[in-house]
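See structure below.
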Amino acid sequence: MSLVPSIGAFELLLVAVIALVVVGPKDLPKLMRGVAGFIRKARELASEFTAGFEQMAREAEMEEMREEIDRLRRENPLDETKKTFQEAVKPIEDSASDISREANKAGGGA
């Protein structure tokens, strides 16, 4: 969607004739350069504004993604499963260590 209204050929011709009458043929090129410079600046400003808005939208989207990732990390069921598995394996590991110590004592004492 363009911010500049569409101007037809008739409207453009009418503006040119009025400018020629009001400004005169001598100063008309200077006026046209000034108008062209103004339009160029307006387009640059609009482009910068749009780019800034898009950057803000990207940053907001990235922040939402970070929050979602953090939430998923906090609520990750795999972490709970891993903790449960570690808790279940711990007594077995302790028993294996005890058996290994006892076996070393028995083997070392002979």
Side-chain angles (χ1 to χ4, degrees):
M1 184 167 141
S2 177
L3 297 175
V4 180
S6 64
I7 298 175
F10 178 73
E11 289 91 357
L12 192 58
L13 181 64
L14 184 63
V15 169
V17 169
I18 292 173
L20 184 61
V21 170
V22 172
V23 177
K26 184 177 178 183
D27 293 328
L28 188 60
K30 202 183 307 181
L31 176 68
M32 295 305 291
R33 281 192 296 275
V35 169
F38 174 76
I39 290 172
R40 185 172 33 260
K41 279 287 190 188
R43 285 183 179 169
E44 288 174 6
L45 288 173
S47 176
E48 288 177 17
F49 181 75
T50 302
F53 231 46
E54 289 173 354
Q55 178 67 26
M56 286 179 10
R58 282 192 300 272
E59 288 174 0
E61 187 175 312
M62 286 175 52
E63 182 60 32
E64 288 175 7
M65 291 168 89
R66 282 188 199 112
E67 289 173 0
E68 182 68 14
I69 289 169
D70 289 343
R71 185 187 65 77
L72 288 172
R73 283 183 179 158
R74 283 191 308 271
E75 298 174 1
N76 188 353
L78 292 177
D79 286 342
E80 291 299 318
T81 303
K82 185 178 178 182
K83 286 179 188 174
T84 304
F85 179 76
Q86 288 172 341
E87 289 171 359
V89 169
K90 180 73 171 136
I92 297 170
E93 289 176 341
D94 292 342
S95 295
S97 294
D98 292 344
I99 292 170
S100 178
R101 270 195 306 272
E102 293 298 321
N104 285 340
K105 283 182 188 176

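We're numbering straight along the sequence, starting at 1. Every heavy atom of this structure was used, including side-chain atoms; hydrogens, water molecules and symmetry mates were not.
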Q) Do Arg58 and Glu61 meet the salt-bridge criterion of a basic N to acidic O distance under 4.0 Å? A) no
Q. Would you call Lys90-Glu93 a salt bridge at under 4.0 Å N-O?
A. no
Q. Is a side-chain donor or acceptor of Ser95 paired with a backbone partner of Pro91 at a separation under 3.5 angstrom?
A. yes
Q. Got Glu63 and Glu67 here, is their nearest side-chain heavy-atom distance under 4.5 Å?
A. yes
Q. If you measure from CD on Glu48 to CD on Glu44, what distance do you get to the nearest 0.5 Å?
A. 7.0 Å
Could you give the side-chain donor-acceptor pairs of residues 16-41 under 3.5 Å, partners two or more places apart or in another chain?
none

